[in-house]
*Asks:* 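The structure is given below, and queries will be raised subsequently.
Keep in mind the model is a prediction, meaning the values are calculated, not measured.
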Amino acid sequence: MRTPVEGFSKLTKEEKINWIATQYTSNPEAAKSVLKRYWNTNSSVQKVHDEFIENTISNYYLPFAIAPNFLINDTLYALPMAIEESSVVAAASKAAKFWLNKGGFKTTIVGTEKVGQVHFMYKGDKEKLERFFKTHKNAFFDDAKTITQSMEKRGGGISSVRLIDKTDSIENYYQLHCTFQTMDAMGANFINSCLEQFAKTLKQKAAVYDRFSSQERDIEIVMSILSNYVPNCVVRAEVSCPLNNLDEAGLSGIDFAKKMVQAVNIAKIEPYRAVTHNKGIMNGIDAVVLATGNDFRAVEAGVHAYAAKDGRYSSLTHAVIENGEFRFWIEIPLALGTVGGLTSLHPMVKLALEILQKPAAEELMQIVAVAGLAQNFAALRSLVTTGIQKGHMKMHLLNMLNQLGATEEEKEILVDYFKDTVVTNASVKEALKKIKAD
Ligand code: MEV
């Protein structure tokens with residue numbers, strides 16, 4: 001019978017490991033050995049990881065890979081990707097190579113505005129609140145000066161603070177809807193600090209506003225928090241080429257382009273397909289976002305909300321055939337940072353940013369959007385020609401062989417054998433069994 005633990009966070013790492021291994025695993029010694037095997041032998045590196053979060057007992061590794069040959073706005077990049085799914089890096093590399101001699105990827109920043117809101121309850125006359133807000137609007141900027149000073153020096157800061165009436169949805173509910181420019185920082189701490197100051201200013205000024213009744217003075221702050229929905233922090237990435245330069249997998253350029261456009265159009269109108277279509281895009285996006293130390297959960301949440309912005313969940317990419325050309329593009333919201341957060345703390349993140357030539361946040365947005373577009377191109381190219389299982393199972397072959405305990409020699413023989421044999425769980429098992437028996 002398990003009992004709740006008191007003061008777990010105060011235990012030493014060794015004690016935490018002992019506790020979890022004995023309480024929750026069937027073979028505590030084996031569990032301890034796995035956890036310790038993944039410790040970094042360099043104690044200063046381990047310490048960095050221990051201190052990222054609470055209750056760290058080990059490290060959880062993901063492969064860190066490179067997808068080379070991305071030509072973006074005439075500059076060559078090698079993309080660092082942290083991801084566990086086989087085929088993703090191979091697909092990205094293939095797409096990069098495909099577009100390398102066709103002009104590469106072109107990108108533009110559409111906007112870089114971040115958002116945050118103070119949610120509050122005000123019981124009283126709406127017009128008085130509006131007058132109060134007009135009178136005190138400058139105080140929100142003035143009172144936050146100590147927070148905004150250094151961001152302003154870098155060219156950013158608070159762009160706007162607006163009062164929004166939400167009482168048609170929830171009784172007495174209003175917001176301060178605020179926008180920010182956070183330059184090379186993702187900006188979460190900056191935005192949240194500003195918002196908490198706005199909430200204080202709002203409460204303080206309201207408490208002494210002589211036109212308010214005593215009930216109106218008593219504004220109730222519900223919460224102050226940034227939004228991960230950033231529909232005006234958007235980047236666009238695009239590829240295009242003449243149809244006669246596009247023939248692929250035995251299809252003429254026009255036939256291949258038509259199939260690609262059909263595939264995108266299906267994802268535009270069919271949510272079941274759109275979710276998978278966009279998942280493939282996020283394979284590329286998350287991998288670069290993670291490698292560069294950015295918050296992939298924030299990116300995921302914002303991207304999927306954007307995919308549903310017109311009232312139906314839809315494709316993030318678009319494709320057309322126009323004037324004898326195939327054009328394929330993505331428009332996606334990405335709130336990313338290249339300073340602050342993990343960027344200076346995690347040695348692999350630092351290295352990833354160095355590999356990308358220390359990009360500004362806007363440049364990283366463009367690179368990440370390209371990773372998403374390339375991934376979608378590669379997935380659709382397979383789907384509308386050979387199907388994805390052929391390439392996917394080939395990539396998965398090594399995972400299967402490792403799981404089945406194949407030796408290095410057996411792996412080599414079987415990788416060669418499966419070059420022209422269909423890979424399935426059964427066929428791999430059977431072939432390995434045969435070799436082992438020989
Ligand atoms: C698999 O991780 C991603 C794909 O399913 C994406 C797609 O279907 O477009 C291949």
Side-chain angles (χ1 to χ4, degrees), residues 51-53 109-120 133 136-164 175-205 221-235 288-290 292-303 305-306 332-346 349-350 352-353 356 358-369:
E51 290 174 1
F52 283 147
I53 60 168
I109 295 289
V110 181
T112 55
E113 180 186 277
K114 313 275 170 63
V115 179
Q117 296 169 321
V118 177
H119 306 269
F120 67 95
F133 178 70
H136 291 292
K137 192 166 169 184
N138 286 341
F140 293 109
F141 291 82
D142 295 342
D143 293 358
K145 268 277 171 270
T146 50
I147 305 167
T148 57
Q149 244 163 21
S150 86
M151 186 60 86
E152 277 167 10
K153 273 192 202 132
R154 289 187 269 150
I158 306 161
S159 311
S160 69
V161 179
R162 283 187 300 138
L163 174 69
I164 311 276
Q175 298 170 346
L176 294 181
H177 183 93
C178 316
T179 60
F180 304 86
Q181 290 294 337
T182 61
M183 310 317 284
D184 286 337
M186 190 268 191
N189 282 333
F190 170 74
I191 294 172
N192 288 332
S193 300
C194 287
L195 293 170
E196 289 187 5
Q197 178 56 53
F198 295 164
K200 268 189 210 150
T201 301
L202 179 64
K203 257 209 95 65
Q204 280 162 4
K205 299 285 182 206
I221 306 292
V222 180
M223 59 191 160
S224 310
I225 186 71
L226 95 170
S227 172
N228 291 122
Y229 184 44
V230 282
N232 295 320
C233 185
V234 169
V235 54
V288 182
V289 166
L290 201 53
T292 55
N294 276 277
D295 181 344
F296 66 92
R297 287 87 54 208
V299 167
E300 282 275 350
V303 163
Y306 191 78
I332 195 162
L334 288 170
L336 301 177
T338 54
V339 299
L342 274 196
T343 56
S344 52
L345 291 177
H346 197 305
V349 168
K350 262 196 206 165
L353 289 169
L356 291 174
K358 303 202 170 118
E362 286 192 13
E363 194 181 350
L364 184 60
M365 284 168 73
Q366 300 178 61
I367 293 166
V368 169

*Asks:* Go through it in stages, so that I can follow the logic: the residues are Q181 and T112, the test is side-chain contact (heavy atoms from CB on, under 4.5 Å), and I'd like the CA-CA distance, side-chain angles, deciding distance and then a yes or no.
*Replies:* CA-CA 7 Å; Q181 290 294 337; T112 55; 2.6 Å; yes

*Asks:* Whether the T201 and Q197 side chains hold a donor-acceptor pair (N or O, under 3.5 Å, no angle test) is what I'd like checked.
*Replies:* yes

*Asks:* Which class fits the ring pair F198 and F180: parallel under 30°, tilted 30 to 60°, perpendicular over 60°?
*Replies:* parallel

*Asks:* Can you give me the closest heavy-atom contact between V235 and M365, atom names plus distance?
*Replies:* CG1-O, 3.6 Å

*Asks:* Say you draw a straight line from NE2 of H177 to OG of S227; how long is it, rounded to the nearest 0.5 Å?
*Replies:* 7.5 Å

*Asks:* Check whether any side-chain heavy atom of T338 lies under 4.5 Å from a side-chain heavy atom of K358, and answer yes or no.
*Replies:* no

*Asks:* Please determine whether the number of non-hydrogen atoms from other residues, nucleotides or ligands lying under 6.0 Å from atom CG of N232 exceeds 12.
*Replies:* yes

*Asks:* To the nearest 0.5 Å, how far apart are CG in L195 and CD1 in I147?
*Replies:* 9.0 Å

*Asks:* Shortest non-hydrogen contact from A185 to R154?
*Replies:* CB-NH1, 4.5 Å

*Asks:* Taking atom types as modelled and ignoring hydrogens, do the side chains of T179 and S160 form a donor-acceptor contact shorter than 3.5 angstrom?
*Replies:* yes

*Asks:* What do you reckon, is NZ of K200 surrounded by more than 12 foreign heavy atoms closer than 6.0 Å?
*Replies:* no

*Asks:* Which pair of non-hydrogen atoms, one from I221 and one from A199, has the smallest distance, and what is that distance?
*Replies:* CD1-O, 3.7 Å

*Asks:* Between L364 and T292, is a side-chain contact (heavy atoms from CB on, under 4.5 Å) present by the stated rule, with each step listed?
*Replies:* CA-CA 9 Å; L364 184 60; T292 55; 3.9 Å; yes

*Asks:* Testing the basics here: between S344 and K350, what is the closest heavy-atom pair and its distance to 0.1 Å?
*Replies:* O-CE, 3.2 Å

*Asks:* Could you list the residues that satisfy ring pair (Phe, Tyr, Trp, His ring centres under 6.0 Å) with Y229, not counting sequence neighbours?
*Replies:* none

*Asks:* Going through the distances and angles, do T148 and I158 end up as a side-chain contact (heavy atoms from CB on, under 4.5 Å)?
*Replies:* CA-CA 7 Å; T148 57; I158 306 161; 3.6 Å; yes

*Asks:* According to salt bridge (charged side-chain N to carboxylate O under 4.0 Å, His left out), who are the partners of D143, at least two apart in sequence or on a separate chain?
*Replies:* none

*Asks:* What distance do L176 atom CG and C194 atom SG have between them, rounded to the nearest 0.5 Å?
*Replies:* 12.5 Å

*Asks:* Looking at residues at least two apart in the chain, or sitting in another chain, which of them share a ring pair (Phe, Tyr, Trp, His ring centres under 6.0 Å) with H346?
*Replies:* H49, F52

*Asks:* For the residue pair V230 and K114, what are the closest heavy atoms and their distance?
*Replies:* CG1-CA, 4.2 Å

*Asks:* OG of S224 to CZ of F120: how many Å apart, nearest 0.5 Å?
*Replies:* 10.5 Å

*Asks:* Step by step, work out the side-chain contact (heavy atoms from CB on, under 4.5 Å) result for L202 and F140.
*Replies:* CA-CA 8 Å; L202 179 64; F140 293 109; 4.0 Å; yes

*Asks:* Which pair of non-hydrogen atoms, one from C233 and one from A335, has the smallest distance, and what is that distance?
*Replies:* SG-CA, 4.1 Å

*Asks:* CD/Q117 to CZ/R162 distance, rounded to the nearest 0.5 angstrom?
*Replies:* 9.5 Å

*Asks:* Between atom CG of L336 and atom CD of E362, what is the distance when rounded to the nearest 0.5 Å?
*Replies:* 11.0 Å

*Asks:* Looking at L290, is its backbone amide N or carbonyl O close enough to the side chain of N294 to form a donor-acceptor pair, meaning the two atoms are under 3.5 Å apart?
*Replies:* no

*Asks:* When you measure from the side chain of N228 to the backbone of A301, do you find a donor-acceptor pair of N or O atoms at a distance under 3.5 Å?
*Replies:* no

